[in-house]
Amino acid sequence: MFFGCGEKTVSFVTDANIKLNKIEKAKAEKDGLAVKDELEYFAKVGWENIDKTDLELRLKWLGIFFRPVTPGQFMLRLRTPNGYLISKKMRLLADIIQRYGDDGSGDITTRQNVQLRGVRFEDIPDIFRRLKDAGMTTVQSGFDNVRNITGSPVAGIDPDEVIDTRELIQQLQDMLTNHGEGNTDFSNLPRKFNIAVEGSRDNSIHAEINDIAFVPAIREGEVGFNVLVGGYLSAQRCAEAIPLNVWVHPNQEVLEISRAILTVYTTSGLAEGLRVKRAKARLMWLIEKWGLDRFRAEIEHSMGQPLLPAAPTTLIDRDKQDHLGIHPQKQAGYVYVGLHVPAGRLSAEVMFELARLADVYGNGEIRLTVEQNVILPFISETSVSVLLTEPLLQKLQIAPPPLSRSLVSCTGKKYCNFAQIETKDRGVAIARQLDEKFHIPQRVRIHWTGCPNSCGQPQAGDIGLIGTKTRKNGETVEAVDIYMGGKVGKDAQLGELVRKAVPCDELLQVLSDLLIENFGAIPKEAKTLVN
Ligand code: SRM
Ligand code: SF4
């Protein structure tokens, strides 16, 4: 731009005068992935001697999480594309945590993934070698990276499936992580990033809360995906993903458009102010700043080709399944069996047993769900009755009572320093008490989350509980903000705040009232009297 004589000069926004947030400064000094080369050294000198920013920030690029709540015991976040595992991998994960006794566990996450707990730093180089040999990786699973890519947990076995997404999601992960070696093209996003690729009809992956969601749709007789963008949950704001007005074939086009969106997001991040405030850095902020038309045009420009407009409707036309219990597969003679994992937490012993059951009764596959449960596929119809007699199925039930069945919970206070409250144990205990107290004619999905970051997706729950603190009798006590109205599946919508700061010790009563008023719960004694 040129200015004539006498015209006022304007101050341009340049790299030099943009005030980067402190995470951006740390990334500019040294890329997160750089710590990969220092891992052996870190293991040798001990975690106490690792530079603080490397320890608390950059190691998350390798999926290694320092836990201030349990210093010395690290969390490793895997990548489990499409929630697809095999028994050999499950056994390896069990073997890794077994040596840590009661400190070791495997948590199934709300992105159908696994996190290992109790891990000691000196073991990590060896653990990484073993994971690599087994075709697994933890790379780029935390911080400003693309997180585990979700897909239908019954991909390839669902009789009503539209697209089997497993290979596509693996290819997408391989592109984003350079086959697990780490990919600097995608390791400096302005913020975290979630991608989901749905191949079933029930929106099993919560498309609405992903930064990019591919949902099945037929365009001019061809099966492919409509693309949604910008969905996310956070402490400051929650946004549902919006249609980009794009349809792609279920092939390399999914990789290409993902690459383009991530490239545009990364390269424009600085100029568009996304690297100034962490709270205003998710993809939706860029979309809103530019408007959808410009955003779409920038993606086309990056791809160097025009994009096809979206199909008029998607094929998401089912209520969301939780996949628990016994279900026919598309393969004749086989069923899949969904097992409930209370709050998603697995011990090494249970993980070994799951691997054994998958081998003995199935084909070795184990699937994970965003409800933090597991599915054993390819159980022959003739052997399912024997599987049901296995002792593990007393612990991981196929038909638990309605509230326990649908409980989802984030990590909470036991390991997460953001947490305002304990979540998993409390959630399991309260669900059990309420299940004992009431007949409830429907499933009620209660989602617990320990702080407003919303990892437990409280806005997706029929009832969502977000940890907070309040004052009671002059003391500070653990409490929850209550959300209601979240819907999942074909009519997905986010729930809204209905009550603030309910002390946790009053929760049993408050939830009892909500269940009676809104979900037809009948106290068991009352039902006995009526009968
Ligand atoms: Fe999360 C940060 C756990 C799913 C939104 N999340 C964290 C950290 C890493 C904070 C920390 O360093 O302690 C938590 C680690 C605790 C621990 O020790 O486990 C954490 N998030 C989790 C998991 C394990 C919850 C669970 O128990 O399942 C989930 C791991 C998924 C995975 O496998 O990758 C998890 N987090 C989510 C989701 C749900 C989803 O993706 O569907 C969300 C909301 C959706 C979204 O991101 O749009 C979520 N986590 C956050 C946020 C808020 C993001 C934001 O834009 O503000 C943070 C904090 C942050 O990034 O600043 C966060
Ligand atoms: Fe931790 Fe908060 Fe996420 Fe729960 S919601 S895992 S407490 S950051």
Side-chain angles (χ1 to χ4, degrees), residues 21 23 56-57 59-60 63-70 73-81 83 105-119 138 140-150 189-196 205-213 230-241 274 277-285 341 343-345 368-372 407-424 427 447-460 464-468 478 488 494:
N21 65 56
I23 302 289
E56 294 177 6
L57 180 69
L59 282 170
K60 290 181 179 168
I64 303 171
F65 288 66
F66 171 70
R67 302 289 72 198
V69 184
T70 57
Q73 293 168 7
F74 287 76
M75 183 267 277
L76 284 188
R77 182 182 282 167
L78 275 290
R79 299 193 73 100
T80 314
S105 68
D107 290 348
I108 304 173
T109 75
T110 50
R111 295 197 69 77
Q112 62 178 177
N113 192 13
V114 185
Q115 293 188 164
L116 302 180
R117 298 207 181 269
V119 175
T138 60
Q140 288 166 255
S141 59
F143 241 78
D144 296 346
N145 287 291
V146 179
R147 307 303 178 80
N148 193 48
I149 305 167
T150 53
L189 309 179
R191 204 62 170 85
K192 70 181 292 195
F193 202 95
N194 291 325
I195 302 183
I205 41 76
H206 303 307
E208 63 284 1
I209 56 170
N210 280 268
D211 296 274
I212 309 179
Y232 81 106
L233 306 177
S234 79
Q236 295 76 25
R237 111 176 238 214
C238 298
E240 285 181 36
L274 300 180
K277 285 202 173 97
R278 300 279 293 167
K280 294 190 173 178
R282 296 289 293 265
L283 183 68
M284 185 57 107
W285 291 92
V341 180
R345 181 150 292 158
L368 309 178
T369 74
V370 295
E371 286 83 16
Q372 305 173 306
L407 176 81
V408 169
S409 175
C410 85
T411 304
K413 211 172 176 177
K414 190 166 178 190
Y415 298 110
C416 181
N417 56 309
F418 286 107
Q420 300 291 312
I421 61 167
E422 202 286 315
T423 50
K424 281 192 191 272
H447 284 230
W448 286 78
T449 209
C451 80
N453 281 333
S454 296
C455 305
Q457 307 153 334
Q459 301 81 357
L465 306 172
I466 300 188
T468 183
E478 296 196 351
V488 290
L494 300 181

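Read the numbers this way: they start at 1 and go in the same order the structure lists the ligands and their atoms. Worth knowing before you read on, the calculation uses all heavy atoms, side chains too, and leaves out hydrogens, waters and symmetry mates. Since this is a predicted model, take the numbers as computed values, not measurements.
- Taking any N or O of T411, backbone or side chain, at least one lies under 3.5 Å from an N or O belonging to ligand 1.
- Each of the following atoms of ligand 1 lies closer than 4.0 Å to a heavy atom of Q115: 17 (C), 19 (O), 24 (C), 30 (C).
- For ligand 1 and R117, the ligand atoms under 4.0 Å from any heavy atom of the residue are 17 (C), 18 (O), 19 (O).
- Ranking the protein heavy atoms by distance from atom 56 (O) of ligand 1 puts R282 NH1, 2.8 Å first.
- Judged by distance alone, with hydrogens and angles left aside, the side-chain atoms of N417 form no donor-acceptor pair with the main-chain N or O of V69 at under 3.5 Å.
- R278 and D144 are joined by a salt bridge, as a carboxylate oxygen and a charged side-chain nitrogen come within less than 4.0 angstrom of each other.
- Of the protein's heavy atoms, K192 NZ, 2.7 Å lies nearest to atom 47 (O) of ligand 1.
- Between L233 and ligand 1, at least one pair of N/O atoms sits closer than 3.5 Å.
- Nearest protein heavy-atom neighbour of atom 28 (O) of ligand 1: T110 N, 2.8 Å.
- You'll find the side chain of N145 stays beyond 4.5 Å of the side chain of F193, heavy atoms only.
- Taking a cut-off of 2.8 Å, the protein N, O or S atoms nearer than that to atom 3 (Fe) of ligand 2 are C455 SG.
- Closest to atom 31 (C) of ligand 1 by heavy atom, among T449, N453, T109, is T109.
- In summary, the atoms of ligand 1 found under 4.0 Å from a heavy atom of K60, numbered by their order in the structure, are 12 (O).
- Close contacts between ligand 1 and C416 involve ligand atoms 13 (O), 16 (C) [criterion: under 4.0 Å to a heavy atom].
- Near S234, meaning under 4.0 Å from any of its heavy atoms, are these atoms of ligand 1: 55 (C), 56 (O), 57 (O).
- Taking a 4.0 Å cut-off on heavy atoms, S454 registers as neighbouring ligand 1.
- Taking atom 46 (C) of ligand 1 as the reference point, the nearest protein heavy-atom neighbour is N194 ND2, 3.3 Å.
- Only the side chain of R191 comes within 4.0 Å of ligand 1, counting heavy atoms alone; its backbone N, CA, C and O stay farther away.
- Protein heavy atom closest to atom 25 (C) of ligand 1, with residue, atom name and distance, is C455 CB, 3.6 Å.
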